[in-house]
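Positions are given from 1, in the same order as the sequence printed here.
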Amino acid sequence: RSFAQSLLRFLGFIFWGTAVAQACGGVLVILMSKNYRYLFQESYLSLPGWLALGTALILLPTGVLSLSISVKCSRNQQGTLMYLLVLLLCLEMSSAVLACSYRIDTASHLESAMGYLVHQHNWTCSQDPGSSAVDAMQRQLQCCGVHNYTDWLKASSSSQHLPACVPESCCKESHSHCRGHLRHVEQLFEEGCLKRLEDQMCFAMLYMFWCCTVLSILELLAGVSNCILMRHQPFHDLCIL
């Protein structure tokens, strides 16, 4: 019983820390979904992020109850804690499954969506900065094209003219006089946007998946500890239910 109380007290502090970690992961996923909504127009990419924020809010009272029960056992608090742990377990399993499935499904969708943006882009050397979604993406991710700058040349072949430049959003910030001319390839971003965005998505979704997995294990430990404490004080009636 003393070990269960000590473990529950320790997990109470851990729940507060993991609430911050869950909130950070949720905000990261929501911001990514908002910033690249033109690539995921029919996707519920932000759903794991909102579930993570809901989990973080519930973790705060769960931590308080864990600390309180470890000091003084209360039937109402013990029952409430068990209900919260079950609710958290459902939320985290849902977030983990969604994060894992989105990481796999969106990878195949990204290349075609980016290729469409590049093909539809009104790319001229004198274009207005920030005039399209692909310009904003290239500036934000510091990349050029889908795989590299040659994707702009491939996109131009359908228009039967080959440009001598790429969009200025492909220029590195250190070269303020860059206008996207192919005579100065060293002034352009070398990496394509597809890999950059895939890396960001992979990091965010794996972060969410492992946070939910580790937290689920901790909640199972908290549930077992709470059950041990409840066992030492058997129920005399079913009013708590």
Do [X] and [Y] sit in one hydrophobic cluster, given that two such residues count as connected whenever their side-chain heavy atoms are within less than 4.5 Å of each other, even indirectly?
X      : Y      : answer
Ile30  : Tyr102 : no
Phe189 : Leu141 : no
Val27  : Leu60  : no
Ile69  : Val64  : no
Leu98  : Trp50  : no

Tell me, please, which residues at least two apart from [X] pass side-chain contact (heavy atoms from CB on, under 4.5 Å).
X      : result
Gln140 : Asn35, Tyr36
Lys34  : Arg37
Leu84  : Ile58, Thr62, Leu65, Thr80
Val146 : Glu111, Met114, Val118, Asp151, Leu194

Item to complete: Can you tell me which residue pairs pass the ring-ring contact (aromatic ring centres under 6.0 Å, His included) test with a partner in residues 8-31, sequence neighbours excluded?
Response: Phe13-Trp16
Practice prompt. Enumerate the residue pairs fulfilling ring-ring contact (aromatic ring centres under 6.0 Å, His included) with a member in residues 195-228, sequence neighbours excluded, ordered by first and then second residue.
Written response: none
Once you round to the nearest 0.5 Å, how far does [atom1] of [X] lie from [atom2] of [Y]?
X      : Y      : atom1 : atom2 : answer
Met137 : Cys144 : CE    : SG    : 10.0 Å
Leu51  : Leu47  : CG    : CG    : 4.5 Å
Cys171 : Gln142 : SG    : CD    : 12.5 Å
Cys211 : Leu206 : SG    : CG    : 11.0 Å
Cys170 : Asn148 : SG    : CG    : 10.0 Å

Is the closest side-chain heavy-atom distance between [X] and [Y] below 4.5 Å?
X      : Y      : value
Leu220 : Val224 : no
Leu229 : Gln5   : yes
Lys172 : Glu190 : yes
Leu59  : Leu215 : yes

Give the minimum heavy-atom separation between [X] and [Y], together with the two atoms involved.
X      : Y      : answer
Pro48  : Ala99  : CG-N, 4.3 Å
Ser66  : Leu8   : CB-O, 3.6 Å
Leu7   : Ser225 : CD2-OG, 3.2 Å
Met208 : Gly26  : SD-N, 3.9 Å

Using residues 86-97 as the side-chain source, report each donor-acceptor pair under 3.5 Å to any protein atom, sequence neighbours left out, with the distance given to one decimal.
residue	atom	partner	partner atom	Å
Glu92	OE1	Ser216	OG	3.4
Ser94	OG	Cys90	O	2.9
Ser95	OG	Leu91	O	3.1

For [X], check side chain to side chain donor-acceptor pair (under 3.5 Å) against everything at least two apart and list the hits.
X      : result
Arg9   : none
Ser68  : Gln77
Glu191 : Arg196

Practice prompt. Show your reasoning for whether side-chain contact (heavy atoms from CB on, under 4.5 Å) applies to Val29 and Met205.
Written response: CA-CA 8 Å; Val29 173; Met205 294 304 173; 4.2 Å; yes
Practice prompt. Look at the SG atom of Cys193 and the SG atom of Cys143, then say if they are under 2.5 Å from each other.
Written response: yes
Discussion item. Using a 4.5 Å cut-off between side-chain heavy atoms of Ile, Leu, Val, Met, Phe, Trp and Tyr, which other residues end up in the same hydrophobic cluster as Leu57?
Written reply: none
Fill in: Cys212: disulfide bond (SG atoms under 2.5 Å apart) partners, not counting sequence neighbours
none
Practice prompt. Would you sort out whether Asn226 and Met82 count as a side-chain contact (heavy atoms from CB on, under 4.5 Å), showing the intermediate values?
Written response: CA-CA 8 Å; Asn226 194 31; Met82 292 302 293; 3.1 Å; yes
Worksheet item: Can you check whether Ile14's main-chain N or O pairs, donor with acceptor, with Thr18's side chain at less than 3.5 Å?
Response: yes
